[in-house]
Amino acid sequence: MLIQIITHTPLWVWGLLTTLVALGMYQTRTRQVRPLQLMALPLVLLALGLSSLAPRFAVQPVLAVLWLAALGGSVWMGLRLPVAAGTRWDAPNQRLQLAGSWFPLVLILVIFMLRYAVNVSLVIHPAWQHDMAVQAPLALAFGALSGLFLGRALGLRRLVTMGTHAQPA
């Protein structure tokens with residue numbers, strides 16, 4: 001059955017996975033980014049997640065409340081994640097010097113694998129599409145994952161507004 005699932009997965013999904021892994025690997029290196037670049041990936045992932053969940057929100061509004069609650073809570077937690085030593089605002093170049101981190105890659109892969117597993121499960125069990133016992137934990141999980149990613153980026157962005165160095169993690 002696993003072979004059938006993999007062979008019936010559209011090719012664009014594997015292209016997306018390759019792109020996401022490349023983006024995650026890029027973030028393991030020390031690099032300089034503009035403040036807008038820092039927010040791009042979290043906002044794109046947030047928009048993609050929201051667009052795929054929005055149809056369920058219309059049918060089951062409580063899912064939107066759960067998603068928003070998880071998003072808000074994990075943004076709050078993400079803002080408090082430690083910032084790697086060496087991360088600093090480079091004012092003359094108007095760039096944020098980011099220390100490499102495996103966190104974004106891990107988070108990207110968790111989001112991808114969860115989405116993949118959910119979509120495969122919904123093909124196998126279409127009734128789960130409207131089952132609150134399935135959809136509620138998913139809304140919480142996707143809200144929390146998106147919030148962590150966004151919260152981490154907002155926490156790093158604070159270095160820009162403070163114009164300072166990170167405290168050692």
Side-chain angles (χ1 to χ4, degrees), residues 16-57 60-119 132-169:
L16 175 63
L17 177 59
T18 302
T19 302
L20 291 173
V21 168
L23 282 170
M25 290 299 294
Y26 175 71
Q27 295 189 40
T28 64
R29 300 181 308 153
T30 299
R31 65 203 181 286
Q32 288 196 341
V33 297
R34 291 186 178 99
L36 268 177
Q37 286 176 293
L38 181 65
M39 299 303 297
L41 185 58
L43 291 176
V44 166
L45 290 175
L46 180 71
L48 287 173
L50 188 56
S51 70
S52 67
L53 292 171
R56 292 184 190 119
F57 292 168
Q60 298 168 318
V62 71
L63 294 176
V65 173
L66 292 172
W67 184 82
L68 282 170
L71 179 78
S74 62
V75 164
W76 182 82
M77 287 178 10
L79 283 166
R80 282 145 188 79
L81 286 171
V83 177
T87 300
R88 64 179 174 78
W89 174 242
D90 180 5
N93 293 317
Q94 295 293 298
R95 298 205 193 295
L96 191 62
Q97 170 94 22
L98 294 177
S101 172
W102 290 93
F103 181 78
L105 176 62
V106 170
L107 201 51
I108 287 168
L109 291 176
V110 167
I111 293 168
F112 178 87
M113 289 185 298
L114 185 57
R115 285 201 168 288
Y116 186 81
V118 165
N119 287 324
M132 281 297 287
V134 173
Q135 294 302 315
L138 291 175
L140 288 168
F142 286 128
L145 290 168
S146 294
L148 258 179
F149 217 110
L150 183 59
R152 179 181 177 271
L154 290 170
L156 290 170
R157 180 130 170 80
R158 257 195 282 182
L159 294 176
V160 173
T161 58
M162 293 177 357
T164 188
H165 298 283
Q167 300 300 317

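Atom set for the values below is all heavy atoms of this structure, side chains included, hydrogens, waters and symmetry mates excluded. Note that this is a predicted model, so its numbers are computed, not measured. Each residue takes its place number in the sequence, starting with 1.
A donor-acceptor distance shorter than 3.5 angstrom exists from the side chain of Arg80 to the backbone of Trp76, with no hydrogens or angles considered. When atom types are taken as modelled, the side chain of Gln94 and the backbone of Ala91 share a donor-acceptor pair closer than 3.5 angstrom. For Thr28 (side chain) and Met25 (main-chain N/O), a donor-acceptor pair under 3.5 Å exists by modelled atom type.
Open room surrounds CZ on Arg34; 12 or fewer heavy atoms of other groups in view lie less than 6.0 Å from it.
Contact detail for Arg157 and Leu38: the closest heavy-atom pair is N-CD2, 3.6 Å. Taking each heavy atom of Ala139 and Trp67 in turn, the nearest pair found is O-CD1, 3.4 Å. Across Pro42 and Ala153, no two heavy atoms sit closer than the pair CG-CB, 3.6 Å. Taking all atoms of both residues into account, the shortest heavy-atom contact from Leu79 to Arg158 is O-NH2, 2.8 Å. Smallest separation of non-hydrogen atoms from Leu20 and Phe112: CD1-CD1, 4.0 Å.
Taking 4.5 Å as the limit, every side-chain heavy atom of Leu46 sits out of range of all side-chain heavy atoms of Phe149. At least one side-chain heavy atom of Leu98 sits under 4.5 Å from a side-chain heavy atom of Val33. Inter-residue side-chain proximity for Val62 and Met132 is flagged as met; some heavy-atom pair is nearer than 4.5 Å. At a threshold of 4.5 Å between non-hydrogen side-chain atoms, the residues Leu148 and Arg152 do not count as touching. Looking only at side-chain heavy atoms (C-beta outward), Thr30 and Gln97 come within less than 4.5 Å of each other. By the 4.5 Å heavy-atom criterion applied to side chains, Phe103 and Gln27 are not counted as neighbours. Side-chain contact between Leu107 and Leu45 is absent, with no heavy atoms from C-beta onward closer than 4.5 Å.
Sorted by first then second residue, the side chain to side chain donor-acceptor pair (under 3.5 Å) pairs that include residues 101-114, not counting sequence neighbours, number zero.
Side-chain atoms of Gln32 and Asp90 form a donor-acceptor pair, as typed in the model, at a separation below 3.5 Å.
Residues passing the side-chain contact (heavy atoms from CB on, under 4.5 Å) test with Leu140, sequence neighbours excluded: Leu66, Ala70.
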